[in-house]
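Take a look at the structure set out below.
Within every chain, numbering begins at 1; the chains are lettered A, B, ... in the order of the sequence lines, protein sequences first and strands thereafter.
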Protein chains: 2
Amino acid sequence: MTSSPSALLGALDPTSDRAVFRQIADHLREAIDKGRFTEGAKLPSEAELVEHYGVSRMTVRNAISILQGEGLVHAEHGKGVYVRPRPPVRRLASDRFARRHREQGKSAFTVEAEAAGSRPEVDQLEVREERPSQDIAARLGGARKVLVRRRRYLLDGRPVEFASSYLPLDLARNTPIAQPNPGPGGIYARLEELGHRLERFEEEVRARMPAPAEVKTLRLAAGVPVIHLIRTAYDTEGRAVEVCDTVMAADAYVLAYQLPAI
Amino acid sequence: MTSSPSALLGALDPTSDRAVFRQIADHLREAIDKGRFTEGAKLPSEAELVEHYGVSRMTVRNAISILQGEGLVHAEHGKGVYVRPRPPVRRLASDRFARRHREQGKSAFTVEAEAAGSRPEVDQLEVREERPSQDIAARLGGARKVLVRRRRYLLDGRPVEFASSYLPLDLARNTPIAQPNPGPGGIYARLEELGHRLERFEEEVRARMPAPAEVKTLRLAAGVPVIHLIRTAYDTEGRAVEVCDTVMAADAYVLAYQLPAI
DNA sequence: AAGTGGTCTAGACCACGCT
DNA sequence: GCGTGGTCTAGACCACTTA
């Protein structure tokens, strides 16, 4: 017999206009916010909440589904509903593509992750030639065919990011860029060796809820949005030499940018 | 009598492991993706879906709630469930705080919105002195008291952004910055007049699901995350002179950054 | 008044995790 | 085996919109 949740949760207000399931969600949310349930803690079971509030099970489930939608809790089948721990966050600095970070044997992702004490992995690597979407083609100045490099990044076994790089085919074909492993410093180092000295990057940042395929690829919990980042690399001649389309688990990232005040 | 949804939606696969309500959600999502229901279109009513699939109403509602969580549709009580239109997006360029944009009589938000053909509004303006949170205090180099300026921005009547600016009190007290309307060019222009020439900004970008208060303030639809942006302004002496904490409706914004390749 | 979605009940059976 | 959450049914009454 576990102790009843009455000590942690209040009673319903029958005079309130607020729907019962919303009131229950409010109680649970408040208890979490106030630390009465800490990260990783198990909420009272559905049966206990049914008993405590004197409502039907669907009403309790409705309440819990609100909290799931907010990303506050997650359910584990056969076990219980738990307060979602905040995962470690990866900080992406705006100088992460600086030339000085490119001189090493490992990829930027690997170096950075190991420095942070995480175990980095890259999988689902795929390199192929494709006809680009209209959007990608436009960003690349009208390229008709492109080389695509797709890969998924993981930290400590958890997928955090899925990225696709697009390069004009005339630029990348039969170069190390078309190899699964392009060598030290990554494709930016190779681009510069091929005479495309990089001048600047443009990044577009959006946030939205994931599509079902993204939920699967990134193993996203309910209530976790994605950050969608589209980066275009320009060489000193002003030519767009790469577009990188990245979808990141939003709970795993902070993007940091430095802006000059001009 | 309207036409049955059978023309637009398939039949359930009884051999599939996939839950019935997920299959129904898949059908509807696919129909939306393929343009069989366009933006603003009304989905079949719950009753029609119950009839079409031969399931109970709760099963149909469960399916629809998945699509609501993905931000694909929204329900209007007494009317129906509609495909959510993509709202016009506001693009925030990384040079939006450049000095040259600061010489005008209107705020950056106003100028930009009017250029884009939208009707800008600012409301819920509040200026007060406060003791800062630990996080804000640390970002401001340990300020003990701050001047806070809060305001909400709207486009064509729709709230899109809620921002709080924090400035060290010793710097802002008894200056135009403490006035509700700080004058042409905004507080950055006033800071420079006060001798704090701005050198750079740092921005941190996160995305997450909104808290209930944010849903209310920004009138967010279900399935719309927020972009949380924290900007710190530094003067030429390296002092942090302002922190601006902004929560934006993610479906209304694209952030654009320029990064030098160094 | 008719049709729509919003809330809620009181059951049922199943799948999963643990002991 | 038992407790957990996952799915589903067949109702009920309510609130909102439109006509």
Side-chain angles (χ1 to χ4, degrees), chain A residues 1-5 12-28 37 40-69 72-84 215 221-223, chain B residues 1-5 12-28 37 40-69 72-84 215 221-223:
Chain A
M1 202 57 154
T2 63
S3 78
S4 112
L12 295 176
D13 174 2
T15 72
S16 168
D17 281 350
R18 195 152 173 84
V20 172
F21 75 94
R22 290 188 205 282
Q23 289 189 51
I24 297 176
D26 291 344
H27 287 181
L28 291 167
F37 299 108
K42 184 174 172 302
L43 295 192
S45 73
E46 293 177 357
E48 285 171 320
L49 292 170
V50 163
E51 164 78 11
H52 175 75
Y53 286 111
V55 297
S56 79
R57 187 171 163 226
M58 277 312 294
T59 302
V60 163
R61 283 182 62 75
N62 222 333
I64 291 172
S65 84
I66 291 184
L67 302 181
Q68 286 185 290
L72 280 180
V73 304
H74 70 277
E76 293 182 30
H77 196 169
K79 295 183 66 181
V81 176
Y82 296 86
V83 179
R84 267 242 321 260
V215 171
Chain B
M1 203 54 154
T2 64
S3 78
S4 115
L12 295 177
D13 174 2
T15 72
S16 168
D17 282 349
R18 195 152 175 85
V20 172
F21 75 93
R22 290 189 206 282
Q23 289 189 51
I24 296 176
D26 292 343
H27 287 182
L28 291 168
F37 298 108
K42 185 176 173 301
L43 296 192
S45 74
E46 293 178 357
E48 285 173 319
L49 292 170
V50 163
E51 163 78 12
H52 175 76
Y53 288 110
V55 297
S56 79
R57 187 171 161 224
M58 277 312 296
T59 303
V60 163
R61 282 181 63 76
N62 223 333
I64 291 172
S65 84
I66 291 184
L67 302 181
Q68 286 185 292
L72 279 180
V73 304
H74 71 278
E76 293 182 29
H77 196 170
K79 296 182 66 181
V81 177
Y82 297 85
V83 179
R84 243 177 23 129
V215 172

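- Between the side chain of E46(A) and the backbone N or O of V60(A) there is no donor-acceptor pair closer than 3.5 Å.
- M58(A) has its CE atom 18 Å from the P atom of dA12(D), to the nearest Å.
- Residue H77(A) contributes atom NE2, which lies 16 Å from atom P of dC13(C) at whole-angstrom precision.
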Side chain to side chain contact (heavy atoms under 4.5 Å, CB included) between Q23(A) and Y53(A), worked out: CA-CA 10 Å; Q23(A) 289 189 51; Y53(A) 286 111; over 6 Å; no

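- Separating the CG atom of L43(A) from the P atom of dT4(D) is a distance of 13 Å, rounded to the nearest angstrom.
- Of the side-chain N and O atoms in T59(A), one or more sit less than 4.0 angstrom from OP1 or OP2 of dT9(C).
- If you check distances only, the side chain of R18(B) never reaches the base of dT7(D) with a donor-acceptor pair under 3.5 Å.
- As a whole-Å value, the separation of F21(A) CZ from dG5(C) C1' is 12 Å.
- In this model, the phosphate group of dG6(D) is approached by a side-chain N or O of R61(A) to a distance below 4.0 Å at OP1 or OP2.
- In this structure, E76(B) and A19(A) both approach DNA chain C, and ranking their closest nucleotides by distance from the 5' end singles out E76(B).
- Remark: the R22(A) side chain and the dG6(C) base include no donor-acceptor N/O pair separated by less than 3.5 Å.
- Across the protein-nucleic acid pair, K42(A) atom NZ and dC18(C) atom C1' stand 12 Å apart, rounded to whole Å.
- Atom CD of Q68(A) and atom C1' of dG6(D) are 11 Å apart (whole Å).
- Along DNA chain C, the nucleotide nearest to N62(A) and the one nearest to S45(B) differ in position, and the one closer to the 5' end is contacted by S45(B).
- No side-chain heavy atom of H52(B) sits under 4.5 Å from any side-chain heavy atom of P44(B).
- Distance E46(A) CD to dC16(C) P: 16 Å, rounded to the nearest Å.
- Set against dG5(D), dT9(C), dA12(D), the side chain of R57(A) has dG5(D) as its closest nucleotide.
- One interatomic measurement links the two molecules: CD of E51(A) to P of dG3(D), which rounds to 14 Å at whole-angstrom precision.
- Remark: of the listed residues L43(B), L28(B), L67(B), L43(B) is the sole one forming a side-chain contact (heavy atoms from CB on, under 4.5 Å) with V83(B).
- The side chain of K79(A) contributes an N or O atom lying less than 4.0 Å from OP1 or OP2 of dC18(C).
- Panel note: side chain E76(A), backbone Y82(A); no donor-acceptor pair is recorded below 3.5 Å.
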